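Data first, discussion second: the structure below is written as structure tokens.
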Protein chains: 2
Amino acid sequence: MNTDIPTDVMTIREMCEAYEVTPRTLRYYEAKELLTPIRIGTRRLFTRRDRARLALILRGKRFGFSLEDIRQTLDLYDRDGGLTAQRQKAYDLAVKRLAEMETQRAELDLAIADLKAELADAEAKGLVPRRAA
Amino acid sequence: MNTDIPTDVMTIREMCEAYEVTPRTLRYYEAKELLTPIRIGTRRLFTRRDRARLALILRGKRFGFSLEDIRQTLDLYDRDGGLTAQRQKAYDLAVKRLAEMETQRAELDLAIADLKAELADAEAKGLVPRRAA
DNA sequence: CGTCACAGTGACGTTAGCGTCAACTGCTCT
DNA sequence: AGAGCAGTTGACGCTAACGTCACTGTGACG
């Protein structure tokens, strides 16, 4: 009994400024079924849900996941939660992603340590005047 | 006084199997000046240095860095170390990359925590029978 | 009522990062 | 010498993730 339009929606421009993306990007994500903004006539209105998803998308991208990878796990974050097979699959995938991310975290720690060592070495050799905290 | 060929070199096939990449990839990296294998006639021989660089390349890729990003910092890892402006630039860039990686680490921790919470929530709702350690 | 700024829809262009194929070039082994 | 095989060089192909452009639609406003 609440089929009307949510009040806290944003236009495409507002979205772009809020998340530093272009309209093209948002339309592209919609085409790829990552976002599902409300359509008023032809115009798009992005809901709270869209914003949450967009944040997750952008985050995922920074970790090197593809949009397709991201799309497949996004559903897990939907609160409506039917006990569908769809959702079960999303869950399974998410478990795998979690493992990947933890692996990546370990690797990242290693890479950071390595890089720090290289920098320290370069400094020790007197190559640079940098002050590292 | 050691201009001859290093003994611990690898052919392109050996490299491919060792690092799970294709010949195409290695040639591509060479074309992009990420690797500089020795050329015997037309054949390539990959040195210890190439292997170290390749490992760094593959690692960088997993964190979402572009090959160009990677190329620009790789020089820092070269042990020969002239005090060139080149090297100074590599150092400066590396400092920036380090900051990026630490940001990424923080985000990754957040993302992991989020995802774990979602999974726990899904389990609590009885959506799945998974046993998480 | 004109226009004007913003939104939308194709459709084509672009870049990175390789895949794929064809046509050589050398070895090496028989 | 011929066969075979790993390796090389173009050259073209392809996908993801958008950019860009040309055109259409439309609500607001003087």
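These numbers come from a predicted model, not from an experiment. Numbers restart at 1 for each chain; the letters A, B, ... are given by sequence-line order, proteins then strands.
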Select one nucleotide: of C/dC18, C/dG26, C/dG8, the one nearest the side-chain heavy atoms of B/T25.
C/dC18
Evaluate the criterion salt bridge (charged side-chain N to carboxylate O under 4.0 Å, His left out) for residue pair B/E30 and B/R27; output intermediate values, then yes/no.
CA-CA 5 Å; B/E30 183 185 1; B/R27 288 194 271 258; over 6 Å; no
Please state whether the phosphate of D/dT15, meaning OP1 or OP2, lies under 4.0 angstrom from any side-chain nitrogen or oxygen of A/K32.
no
Separation of D/dG25 atom C1' from A/I40 atom CD1, nearest Å, is 16 Å
If you compare every side-chain N and O of B/T11 against the phosphate oxygens of D/dG7 (OP1, OP2), does one of them come in below 4.0 Å?
yes
With a 4.5 Å cut-off on side-chain heavy atoms, are B/L56 and B/R59 touching?
yes
Name the nucleic acid region contacted by B/R27, choosing base, sugar-phosphate or nothing; use a 4.0 angstrom heavy-atom cut-off, strictly under.
base
Quick one: is D/dC18 close enough that its OP1 or OP2 comes under 4.0 Å of any side-chain N or O from A/Y29?
yes
Start with the C-alpha gap between A/D50 and A/R44, add the side-chain angles, then the distance that decides, and say whether salt bridge (charged side-chain N to carboxylate O under 4.0 Å, His left out) holds.
CA-CA 11 Å; A/D50 291 314; A/R44 291 165 176 84; over 6 Å; no
With a cut-off of less than 4.0 Å, is there a side-chain N or O of A/T22 near OP1 or OP2 of D/dC18?
no
Closer to the 5' end of DNA chain C via nearest nucleotide, is it B/R43 or B/F65?
B/F65
May I have the distance from B/Y28 (atom OH) to D/dG10 (atom P), rounded to whole angstrom?
17 Å
Taking only N/O atoms, report every protein-nucleotides 12-15 of chain C pair under 3.5 Å with atom names and distance.
none

Kindly compute the distance separating NZ (A/K32) from CD1 (A/I57), expressed to the nearest 0.5 Å.
13.0 Å
Starting at CD1 of A/I70 and ending at P of D/dA17, how long is that distance when rounded to a whole Å?
8 Å
Compute the angle between the rotation axes at the two ends of the helix from C/dC1-D/dG30 to C/dT30-D/dA1, each taken over five pairs, rounded to 10 degrees.
10°
Of the candidate nucleotides D/dT9, D/dG7, C/dG17, which contains the atom at the shortest distance from the side chain of B/R44?
D/dT9
Interatomic distance where CZ belongs to B/F46 and C1' belongs to D/dG7 [whole Å]
11 Å
In Å, rounded to the nearest 0.5 Å, how long is the span from CG of A/L76 to CG of B/L115?
6.5 Å
